[in-house]
There are 2 protein chains.
Amino acid sequence: MTKRPNEATTCAWISLMRTQRLALSRVEARLKEAKLPPLSWYDVLWELEKAGDQGLRPYELEKALLFAQYNLSRLAERLAAAGLIDRHECSHDRRGQVLKITARGRALRRDTWAVYAQAIEDAVGARLSTEEAETLAVLLKKLQ
Amino acid sequence: MTKRPNEATTCAWISLMRTQRLALSRVEARLKEAKLPPLSWYDVLWELEKAGDQGLRPYELEKALLFAQYNLSRLAERLAAAGLIDRHECSHDRRGQVLKITARGRALRRDTWAVYAQAIEDAVGARLSTEEAETLAVLLKKLQ
DNA sequence: GGCATATCAATGCAGTTGCATCTATATGAT
DNA sequence: ATCATATAGATGCAACTGCATTGATATGCC
């Protein structure tokens with residue numbers, strides 16, 4: 001069945017696209033200003049830090065972060081080149097590898113978070129009450 | 001003053017980033033499936049169609065669509081090459097130009113909307129009540 | 001085991017984006 | 001009018017992304 005979006009739906013769609021772009025560009029600008037790497041680096045480092053010693057497989061990161069396979073492959077290459085992660089052989093699947101964060105990676109993640117947290121607070125926290133933020137998150141999750 | 005984002009704020013931030021990516025990729029996939037150009041083309045064509053006969057200056061489009069100047073410059077080049085817009089000299093500002101949609105451009109915009117509208121309905125309309133969509137739009141606009 | 005199929009990750013190539021800069025013209029101050 | 005500054009838009013180059021494909025291994029079926 002085909003059904004046209006109503007006014008509210010279209011308006012929500014447009015707001016979603018615009019707001020995300022605006023908010024993201026503000027936050028990315030802060031990171032750049034602080035000479036920190038882009039958010040995608042943070043996202044990978046944080047996932048790996050949470051994963052701890054056992055690390056994560058690239059395909060697990062792909063799913064967790066919604067990255068395209070080839071993008072993650074290249075991002076991992078850059079992170080490894082920068083000494084922020086290590087790529088280990090995977091013992092029980094010789095096609096694969098295991099990514100683990102290094103001490104340098106943890107340090108950079110921590111430094112990035114200092115700036116990132118403030119930027120999130122400015123972009124979101126300062127503009128919504130706690131209750132509004134909760135409502136927003138709930139509504140957004142319905143779209144996922 | 002520095003203040004850390006609270007749980008709700010962080011959660012809203014993450015949902016905003018993830019949900020937009022997911023929703024956008026679903027919609028773009030539909031367009032691609034239908035062999036239609038990407039959303040950025042639609043956005044420009046629609047702005048120009050709304051602007052009517054007098055067209056719009058590139059810098060006006062930049063502001064309306066939050067495009068970087070160089071991106072719009074190149075996008076306009078591609079749209080013009082595809083015969084979807086015309087670039088006219090600007091009578092009262094010889095640095096500038098005026099962009100106007102062509103008949104082909106209008107036709108493509110219309111065809112794109114048929115698919116786009118359905119995709120928005122599936123990505124948003126089908127997942128939220130009208131009231132929820134309105135609330136979502138209001139909350140998102142507070143972040144702009 | 002042997003083969004067909006699926007999954008993991010890398011990569012060549014083309015297209016796009018970001019950054020910095022450039023040219024041309026407009027605007028404002030004197 | 002002259003000059004300094006600001007704005008409109010284009011562009012060279014490097015980085016990144018998307019697409020399609022590849023190589024390597026794993027898994028399921030007979």
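Numbered from 1 within each chain, the chains take letters A, B, ... in sequence-line order. Quantities reported herein were computed from a predicted structural model and do not represent experimental measurements.
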Practice problem: Heavy atoms only: give me the nearest A:A123-B:L143 pair and the separation to one decimal. | Solution: O-CD2, 3.5 Å

Practice problem: Indicate the atoms forming the closest heavy-atom contact of B:L48 with B:K100, along with that distance. | Solution: CD1-C, 4.3 Å

Quiz item: Which pairs pass side chain to side chain donor-acceptor pair (under 3.5 Å) with one or both residues in residues 56-69 of chain A, sequence neighbours excluded?
Solution: none

Quiz item: Which residue pairs pass the side chain to side chain donor-acceptor pair (under 3.5 Å) test when at least one of the two sits in residues 71-91 of chain B, sequence neighbours left out?
Solution: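 Residue pairs with at least one partner in residues 71-91 of chain B: B:R87-B:Q97.
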
Self-check item: Terminal axes of the helix from C:dG1-D:dC30 to C:dT30-D:dA1 (five pairs each): angle between them, nearest 10 degrees
Solution: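 Inter-axis angle at the termini of the helix from C:dG1-D:dC30 to C:dT30-D:dA1: 30°.
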
Practice problem: With rounding to the nearest 0.5 Å, note down the distance linking CG in B:L65 to CE in A:M17. | Solution: 14.0 Å

Can you measure [X] atom [atom1] to [N] atom [atom2] for me and round it to whole angstrom units?
X: B:L75; N: C:dG18; atom1: CG; atom2: P; value: 13 Å
X: A:Q97; N: D:dA26; atom1: CD; atom2: C1'; value: 16 Å
X: B:L66; N: C:dG18; atom1: CG; atom2: C1'; value: 17 Å
X: A:E28; N: C:dT17; atom1: CD; atom2: P; value: 16 Å

Quiz item: Once each nucleotide of nucleotides 14-22 of chain D is scored for protein heavy atoms under 4.0 Å, what B/S/- sequence comes out, 5' to 3'?
Solution: --SSBB---

Quiz item: Does some side-chain heavy atom of A:K141 sit less than 4.5 Å from a side-chain heavy atom of B:C11?
Solution: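 Counting from C-beta outward, B:C11 and A:K141 do come under 4.5 Å.
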
Practice problem: Please lay out, stage by stage, how A:E134 and A:T130 fare under the test side chain to side chain contact (heavy atoms under 4.5 Å, CB included). | Solution: CA-CA 6 Å; A:E134 280 166 0; A:T130 298; 3.8 Å; yes

Practice problem: For A:S40 and A:D43, test the side chains for any donor-to-acceptor distance below 3.5 angstrom and give the result as yes or no. | Solution: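 The answer is no; no qualifying pair exists.
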
Quiz item: Hey, are A:Y116 and B:W13 close enough side-chain-wise for a donor-acceptor pair under 3.5 Å?
Solution: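 A:Y116 and B:W13 do have a side-chain donor-acceptor pair below 3.5 Å.
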
Quiz prompt | A:K50 and A:E47 ion-paired at < 4.0 Å | solution = yes

Quiz item: Counting only N and O atoms by type, is there a donor-acceptor contact under 3.5 Å from the side chain of A:R95 to the main-chain atoms of A:C90?
Solution: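 A pair under 3.5 Å: no.
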
Quiz item: So, the side chain of B:T19 versus the backbone of A:L140: is there a donor-acceptor pair under 3.5 Å, distance only?
Solution: yes

Quiz item: Can you tell me if the side-chain N/O atoms of B:S73 get under 4.0 Å from OP1 or OP2 in D:dG9?
Solution: no

Quiz item: Does A:I120 share a hydrophobic cluster with B:I14, counting links as ILVMFWY side-chain heavy atoms below 4.5 Å and allowing steps through other members?
Solution: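 Shared cluster, yes.
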
Practice problem: Using heavy atoms and a sub-4.0 Å distance, could you list which residues of residues 82-96 of chain B are near DNA chain C? By number, please. | Solution: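 Within residues 82-96 of chain B, the residues near DNA chain C are B:D93, B:R94, B:R95.
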
Practice problem: Tell me which residues in residues 46-63 of chain A put a heavy atom below 4.0 Å from DNA chain C, sorted by number, or none. | Solution: A:R57, A:P58, A:Y59

